[in-house]
Amino acid sequence: MSEGSAAPMAEPTKAGWFGDFGGRFAPEPLMPACLQLEEAFRDAWADPAFHEEFEEVLHSFGGRPTPITVCKRLSEELGITLLLKREDLAHTGSHKINNVIGQALLTKRMGKSKMIAETGAGQHGVASATAAALLGLECTVYMGEVDTQRQALNVFRMELLGATVHPVTSGSRTLKDAVNEAMRTWVAQVDDTHYCLGSVMGPHPFPWMVREFQSILGTEARDQSQAILNDVPDYVVACVGGGSNAAGLFSGFAESRSQLIGVEALGGAAIASGIPGVLHGMMSQILQDEQGQILEAHSISAGLDYPGIGPEHAHLASIGRATYATADDDEVLDALERLSNTEGIIPALEPSHALAWIMREAGKKIPKGSTVLLNMSGRGDKDVAQVREILQAKGRFQ
Amino acid sequence: MSEGSAAPMAEPTKAGWFGDFGGRFAPEPLMPACLQLEEAFRDAWADPAFHEEFEEVLHSFGGRPTPITVCKRLSEELGITLLLKREDLAHTGSHKINNVIGQALLTKRMGKSKMIAETGAGQHGVASATAAALLGLECTVYMGEVDTQRQALNVFRMELLGATVHPVTSGSRTLKDAVNEAMRTWVAQVDDTHYCLGSVMGPHPFPWMVREFQSILGTEARDQSQAILNDVPDYVVACVGGGSNAAGLFSGFAESRSQLIGVEALGGAAIASGIPGVLHGMMSQILQDEQGQILEAHSISAGLDYPGIGPEHAHLASIGRATYATADDDEVLDALERLSNTEGIIPALEPSHALAWIMREAGKKIPKGSTVLLNMSGRGDKDVAQVREILQAKGRFQ
Amino acid sequence: MSRPRLEDRLRERVAAKRKLLIPYVMAGQSEDWLETVQAIADAGADAIEIGLPFSDPIMDGPVIQEAAVLSLERGTTPQSVLNELGRLELDTPLVVMTYFNLVYRAGLDRFAGRLQEVGVTGCIIPDLSLEEFSGWEKAAERVGIDPVLLVAPSTSAERAKAICERSRGFLYAVGRMGVTGERDDASLEVGAVVSKVRPFTSLPVCVGVGVSTPEQAAAVVKVADGAIVGSALVRRLLEGGGPEGAATFIGELRSAIDSVTFDA
Amino acid sequence: MSRPRLEDRLRERVAAKRKLLIPYVMAGQSEDWLETVQAIADAGADAIEIGLPFSDPIMDGPVIQEAAVLSLERGTTPQSVLNELGRLELDTPLVVMTYFNLVYRAGLDRFAGRLQEVGVTGCIIPDLSLEEFSGWEKAAERVGIDPVLLVAPSTSAERAKAICERSRGFLYAVGRMGVTGERDDASLEVGAVVSKVRPFTSLPVCVGVGVSTPEQAAAVVKVADGAIVGSALVRRLLEGGGPEGAATFIGELRSAIDSVTFDA
Ligand SMILES: Cc1ncc(COP(=O)(O)O)c(C=O)c1O
Ligand SMILES: Cc1ncc(COP(=O)(O)O)c(C=O)c1O
């Protein structure tokens with residue numbers, strides 16, 4: 001079914017395979033769009049003018065480069081040197097903006113006037129609506145009905161930005177179903193519409209393209225940590241939902257000696273608990289039952305509640321270039337609280353998973369004195385209402 | 001009572017006067033603290049090591065420099081060239097972080113271990129709690145009880161960051177009373193506590209010191225707009241509550257040909273509707289009744305609901321170097337919506353006042369073809385719940 | 001059970017100038033689903049698509065999704081419905097339609113073997129693209145199952161040619177960009193897609209996706225060799241039409257199709 | 001009305017070895033506030049502070065704030081209460097205490113003139129710092145009003161000297177860092193602040209802020225020339241004590257103060 005690609009995090013094969021994972025499992029009506037997209041992306045990505053525009057928009061509009069913050073107090077407490085790549089400072093509050101700017105520019109380049117996107121908690125939806133507003137594209141965001149209710153404010157944000165939010169009432173009415181619905185819509189509107197997928201998932205070229213758009217953060221992080229540490233970090237850690245922030249970060253360190261660690265939510269751990277399968281156009285590790293029916297992921301963090309994982313991560317795990325761990329909800333809340341009150345940064349729940357792993361393993365799997373780079377993939381503002389409710393229920397705040 | 005200081009936005013007089021405004025109207029128990037603070041600030045501000053640390057923290061932690069975004073779609077619609085200084089991308093979501101980092105570093109330098117702060121909507125409170133967490137200072141934030149209820153999530157944010165939020169039940173239970181209460185507390189704890197005031201107000205040296213800490217944004221904006229326009233902008237526009245973001249911005253253009261415009265909320269327009277008076281330690285334009293009792297400000301935007309204005313703005317108005325206008329709530333909502341859906345930036349309600357003025361005057365007071373720099377002082381995330389309620393009540397969204 | 005190949009059966013009928021009617025039924029959707037299969041066979045179906053329900057059917061519209069959910073809630077597994085299917089003694093060819101993960105999870109050869117054992121002679125996997133087709137192609141061929149491929153209005157001529165070369169059984173021409181579901185006449189793009197594939201294949205060309213009414217079916221077979229009717233039938237079953245209701249509808253489709261006259 | 005200067009009156013008494021008791025009343029706080037003033041004068045106050053309510057009293061604690069709110073809600077204006085005050089025929093010196101904005105708004109000279117007209121002989125403006133004092137100093141001097149200045153525990157010796165040189169009437173020594181309000185004994189820092197100012201002034205030194213009980217007042221006058229009692233009295237009035245209650249409390253303070261014996 002595939003032959004592996006050479007260096008870790010090199011380009012996938014022509015058919016979109018990273019080792020045994022990836023590919024293009026899309027209904028025929030979508031295949032021409034995938035092929036067109038691949039061609040358009042290859043063309044754009046080889047065009048210095050596209051890079052220039054992409055980087056210019058990310059700079060002057062998106063707030064790049066984001067800094068690296070060296071944690072003083074928490075590092076001391078943990079006995080390590082902890083660096084944070086501050087994607088929470090990017091416009092709209094997470095790394096998601098990198099990808100959507102790239103795809104929105106590509107949408108225009110392909111001569112399409114509309115964008116659709118799926119969203120779970122709303123982060124990618126808000127980012128997509130933002131990029132669409134900036135470039136004057138029409139935008140529809142598919143969001144599970146359950147999520148539209150949980151995240152009513154994000155729905156409003158998207159609407160303010162001029163997007164239409166389409167509540168998805170099929171299946172579990174959450175992220176997985178939003179992807180299904182977006183794909184279904186794409187099938188019908190592929191002529192004038194680009195599907196702006198939010199992570200390193202889906203049929204080729206999405207996993208590769210999204211990683212490339214996110215690689216800007218890894219490149220920055222590599223240069224910045226070199227400047228700070230005079231070396232690469234010993235550990236490079238990121239949370240993994242679909243895996244776009246991790247892929248972007250890892251890409252800067254794939255050929256270095258850094259250990260790459262992806263941290264999934266315990267209740268959505270496609271590497272730890274999934275097996276190979278095909279979902280949403282890709283072969284990857286997937287949470288599924290014995291028959292192959294897809295299971296729902298359940299964690300505190302909507303952004304990690306995805307039963308699959310980007311195929312490149314499945315590949316990196318299989319060849320041992322990256323290691324994937326999990327964090328449970330309680331650890332995650334502790335991590336969120338601790339970073340907030342020791343460093344003045346309220347992290348999103350997603351990167352709090354990565355931090356939870358670091359806090360658990362500092363002095364254990366992570367030897368004292370190690371240098372650790374954590375991708376602070378987003379800010380916690382979107383999560384404070386939820387976290388407040390949970391911590392208040394635990395009697396921790398009134 | 002005073003003699004004017006020379007160039008616009010020069011240092012105030014020794015006693016803290018900007019022309020006829022400013023001074024130091026503080027109870028005697030606070031005067032030594034004000035003097036100590038002035039000395040500490042003068043000392044720090046003359047110390048390259050302090051500047052270096054200040055700028056380094058603002059860079060690697062605060063996300064500076066923030067970019068300037070050139071609006072394409074809105075500029076075209078308005079017939080001007082609109083530039084946004086993107087303070088919304090700074091850590092915690094507004095320019096407030098610049099000031100609190102400066103004051104928190106100064107607190108340490110003075111050997112004090114505690115910080116108190118007042119807050120209205122919570123922006124300065126969150127920023128103060130953030131800086132305190134970063135530097136390991138104890139932090140108490142005074143917030144009108146009415147505001148703690150309206151902004152429960154911001155209360156939780158501050159608590160997450162390790163601060164104590166003290167609801168103020170005196171007077172109107174809003175920002176003005178929070179300042180009173182913070183000053184009262186400061187009187188009692190001045191030994192080990194610094195009062196981290198949130199705007200260019202209060203007794204000398206606060207108005208000057210806060211402007212100096214905020215001048216980093218003006219300096220950046222000047223260099224950036226020079227690079228973009230090859231000139232200074234024709235208009236330099238900022239909203240004005242106490243006036244810190246405006247003062248910071250104006251300071252970069254005070255001696256240029258740029259027209260400086262401050263925009264107040266119609267219901268809190270200290271320049272348009274106030275008269276000289278003394279409040280919170282300063283002589284300035286103040287909303288007050290015939291007897292001199294202070295009036296409450298009322299607008300859609302908690303961050304602009306202050307019955308006074310920084311004394312330097314009163315001075316700039318009196319000498320005609322800056323012009324102060326107002327915007328009403330409806331215009332502000334329109335501006336917020338329009339920037340969101342044409343440029344993909346949801347502004348806070350405060351800078352939406354400045355944008356509302358620009359939208360109203362483009363092609364009128366602002367000639368077509370002008371270049372206009374707007375300080376995007378903060379992001380709208382903190383406001384979306386409120387805006388949603390209002391717009392839904394108007395039947396504009398469901 | 002050794003059955004004639006799907007392709008042979010359909011070619012025969014086409015050669016005999018019979019226009020094909022291929023209805024779709026969701027396996028396990030209700031207690032009496034097998035009776036429904038029997039009834040529509042009796043009512044004049046030339047082949048029957050048997051949907052194996054998948055949790056995430058990205059090529060299906062709301063009606064078939066709902067049927068899939070119902071079926072899964074009833075405890076349907078691929079194994080269970082195939083076992084049931086094996087109990088039918090039917091002459092009408094059966095074509096399974098499902099998504100690739102169920103096939104992959106079972107194992108390609110095992111899955112193909114199971115189909116063969118229960119008498120299924122064709123299989124459609126809409127999310128298995130030409131690019132990823134070869135594994136399944138071989139597994140199916142090994143046991144004589146015809147793997148049916150799709151061509152869409154968006155498919156290029158070059159690509160259509162490659163697909164036509166490897167499809168077996170028939171060629172599934174997607175009648176309209178979009179997922180399964182009922183549509184009004186206006187939206188069908190049948191002519192274009194059918195004429196796109198004709199130069200490249202002698203396979204029967206059947207049009208599915210959006211064919212809902214007898215009138216549409218009749219229009220379809222004016223240019224194509226057959227019409228595939230899914231959601232319109234499934235909706236009737238969801239509404240409680242049962243085997244008789246299904247038979248009536250298939251009867252109507254059949255007459256509409258058969259009443260079409262052709263020049264030359 | 002031409003009255004003796006506040007400073008002369010107080011110096012006389014101090015010279016006569018009388019310790020001073022200066023209670024504080026919020027003007028306009030209740031219907032009978034003038035009677036209260038009369039009653040505490042009769043009960044042995046050496047001078048009376050008359051608070052003019054201000055919307056934003058940053059030097060005052062909750063009790064006096066509450067009284068200010070009440071008074072403002074009753075429609076009190078500086079003008080209205082000063083007019084009322086003018087009707088009193090009182091020998092006890094009256095000292096207005098208020099915030100600078102009310103003075104500034106009225107106009108410094110006009111305000112001083114108004115005080116003089118109604119027989120007030122001293123004035124305390126806690127938010128008017130030494131640095132901003134000169135305008136008011138002149139206006140007050142012009143009409144013979146004594147402007148009283150404050151020294152706090154935090155005030156440096158050098159600064160205390162400058163303040164002492166320009167205070168008139170008496171020297172207001174802040175007994176504790178903090179705003180007005182009742183405190184327990186432990187927190188008073190009377191000794192330090194009084195001995196800080198003694199070298200620089202021959203004015204009577206009166207201690208206020210935090211002096212609440214007869215015992216505290218007695219302790220205060222062991223080192224100072226007088227005690228200023230605000231919140232403790234205002235609280236009694238807020239609780240409905242009325243003129244008699246006030247008189248009783250002032251009587252208790254008076255006896256406590258008078259019972260203090262001094263060596264030498
Ligand atoms: C802040 C943040 N981090 C991480 C993720 C997970 O996505 P990915 O794994 O693609 O980076 C999300 C998804 O919404 C997110 O909002
Ligand atoms: C985003 C934003 N802009 C402006 C202001 C007004 O403050 P200032 O006038 O001091 O800049 C605030 C106050 O909270 C604010 O949050």
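A, B, ... follow the sequence lines: proteins, then strands. Residue 1 opens every chain.
For the set A/Ala163, A/Gly380, A/Ser60, A/Ala127, the count of heavy-atom pairs under 4.5 angstrom toward chain B peaks at A/Ser60. The candidate from B/Leu135, B/Leu134, B/Leu160 with the greatest count of non-hydrogen atom pairs under 4.5 Å with chain A is B/Leu160. Heavy-atom pairs under 4.5 Å with chain B peak, among A/His59, A/Gln224, A/Arg73, at A/Arg73. With respect to chain A, the highest number of heavy-atom pairs below 4.5 Å among B/Thr69, B/Thr342, B/Val155 belongs to B/Thr69. When each of B/Val57, B/Leu391, B/Leu161, B/Thr130 is scored by its heavy-atom pairs under 4.5 Å with chain A, the top score falls to B/Leu161. Contact count against chain A (heavy-atom pairs under 4.5 Å) is highest for B/Ser340 among B/Gly162, B/Ala385, B/Pro65, B/Ser340. For the options B/Arg86, B/Arg64, B/Glu337, heavy-atom pairs under 4.5 Å to chain A are most numerous at B/Arg86.
Paired with A/Leu153 under the rule side-chain contact (heavy atoms from CB on, under 4.5 Å), one option of B/Val384, B/Val387, B/Asp381 passes, and it is B/Val384. For the salt bridge (Lys or Arg N to Asp or Glu O under 4.0 Å) test with A/Glu350, the passing option among A/Lys96, A/Arg379, A/Lys382 is A/Lys382; the others fail.
A 4.5 Å side-chain heavy-atom check between B/Leu78 and B/Val372 finds every atom pair outside the cut-off.
For chain B, the nearby part of A/Ala90 is the backbone; its heavy atoms alone come within less than 4.5 Å.
Ring geometry for A/Phe213 against A/Phe50 counts as tilted: the plane angle lies between 30° and 60°, on a 0 to 90° scale.
Nearest heavy atoms, B/Leu217 versus B/Lys85: O-CE, 3.6 Å.
Taken to the nearest 0.5 Å, the SG atom of A/Cys196 stands 16.0 Å off from the NZ atom of A/Lys114.
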